[in-house]
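Have a look at the structure below before the remarks.
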Amino acid sequence: MSSADIGRTGPVPPPPGGVLWSLAGDVRGLLMLPAALTLQVAHPAVGAGVDEHSVFRTDPWGRGERSLRSLQLWVYGGEAAAEEGRRLRKLHRTIQGTDTRGRRYHALAPANYAWVHATGFPVYRHASRYLVRPLTGAQERALYREWLQVGRILGIHDRDMPQTIEEFWPYYRAVLAGGIERTAVVEELVATDQPVPPPDRGPLVLRLLFRALWPVLLPPLARFRRFVTVGLMPPDAREALGLAWSDAEERRLRRFCGLVRRVVPVLPERLRYLPPARRARAAWHAERGARDVRPRRAGSVRSG
């Protein structure tokens with residue numbers, strides 16, 4: 001772990017105003033998460049752990065809400081980020097078993113835990129091309145540095161994470177070549193005929209409405225989930241998993257993402273950013289404004 005990234009209570013989150021700060025809290029980031037999650041559980045050990053220990057089948061909405069809250073803390077949580085990292089490691093201490101290849105696994109084994117973290121970078125990089133804009137070389141490097149900071153928050157040692165982009169891509173391609181497969185959980189996440197309970201969060205009226213309309217709503221929502229999961233997954237990862245993707249689907253994805261790319265930037269702040277990101281951005285802008293104002297006031301006093 002780099003000493004430069006250790007704060008008073010542990011590793012510090014990515015810097016305000018950075019590349020990750022802009023991506024993780026934007027509502028477009030929600031469309032990127034299914035691809036990253038699916039790539040994570042393609043690892044035999046990670047897939048087995050989720051298959052055997054997760055409640056994603058019985059409580060998908062609660063599990064999704066908790067995962068999203070955790071991600072927002074890593075990026076926008078300030079000193080709470082390190083505490084969230086410790087909580088996650090504690091939660092995973094007892095998760096172990098045998099994977100699909102007959103090997104013993106533990107959730108916190110460096111190779112397994114580091115892969116869960118590693119998937120975020122290529123997915124953010126690829127999906128940004130469609131939903132935001134292609135990252136420049138400098139932005140890619142900044143994003144990778146910031147993602148390393150997230151890894152430290154999760155308790156991953158620097159020795160277990162490629163420290164540069166140049167080191168990352170050979171590692172990533174090696175895992176794609178022989179370290180992932182279409183696990184049972186991958187199959188479920190890209191299926192369109194799996195039973196999913198209706199949302200159980202939000203106002204009662206809305207929950208009742210979802211419950212009544214769920215038989216009609218679920219099929220198109222399941223198809224859309226598969227569409228964005230496979231479409232926003234990096235092509236080399238998609239190919240490694242044998243996930244079919246046609247030219248027609250690619251054209252549909254580009255049209256859909258083009259619309260999203262035009263609409264989201266003109267939304268008001270309260271609709272464009274998730275609540276933790278919105279609060280963090282407001283606090284950061286207020287702090288910057290205060291810093292900018294103080295020197296001007298001092299100067300005006302001196303000039304008077």
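Residue numbers start at 1 and run along the sequence shown. When reading the values below, keep in mind they use all heavy atoms of this one structure, side chains included, and skip hydrogens, waters and symmetry mates.
In this structure, H126 has its ring center under 6.0 Å from that of Y130.
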_With side chain to side chain contact (heavy atoms under 4.5 Å, CB included) as the criterion, how do I153 and V12 come out once you've worked through the C-alpha distance, each side chain's angles and the decisive distance to 0.1 Å?_
CA-CA 7 Å; I153 287 170; V12 298; over 6 Å; no

_Test side chain to side chain contact (heavy atoms under 4.5 Å, CB included) applied to V150 and L20, step by step_ = CA-CA 10 Å; V150 169; L20 188 56; 3.7 Å; yes

*Stepwise, does the side chain to side chain contact (heavy atoms under 4.5 Å, CB included) test hold for E187 with T183?*
CA-CA 6 Å; E187 293 288 3; T183 62; over 6 Å; no

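Each of Y76, W74, Y273 was scored for a ring pair (Phe, Tyr, Trp, His ring centres under 6.0 Å) with W21, with one residue passing: Y76. A side-chain hydrogen bond (donor to acceptor under 3.5 Å, both in side chains) with T98 holds for exactly one of R103, R104, E52; it is R104.
Looking at heavy atoms from C-beta onward, F56 lies out of side-chain contact with V41 at the 4.5 angstrom threshold. Residues Y172 and D236 form a side-chain contact, since some pair of their non-hydrogen atoms from C-beta on lies under 4.5 Å apart. Counting only heavy atoms from C-beta outward, the side chains of F168 and T164 never approach each other to under 4.5 Å. Under the 4.5 Å side-chain criterion, counting only non-hydrogen atoms from C-beta, W214 is not in contact with L209. By the 4.5 Å heavy-atom criterion applied to side chains, L253 and L232 are counted as neighbours. Side chains of I95 and H106 form no contact here, defined as non-hydrogen atoms less than 4.5 Å apart.
Using a cutoff of 4.0 Å between basic side-chain nitrogens and carboxylate oxygens, R57 and E188 are scored as salt-bridged. With respect to R223 and D193, no salt bridge is recorded, no charged nitrogen being found less than 4.0 Å from a carboxylate O.
Ring planes of W147 and Y124: perpendicular class, angle over 60° (limits at 30 and 60°).
A cation-pi arrangement, defined by a distance under 6.0 Å to the six-membered ring centre and an angle within 45 degrees of its axis, is absent between R63 and W61.
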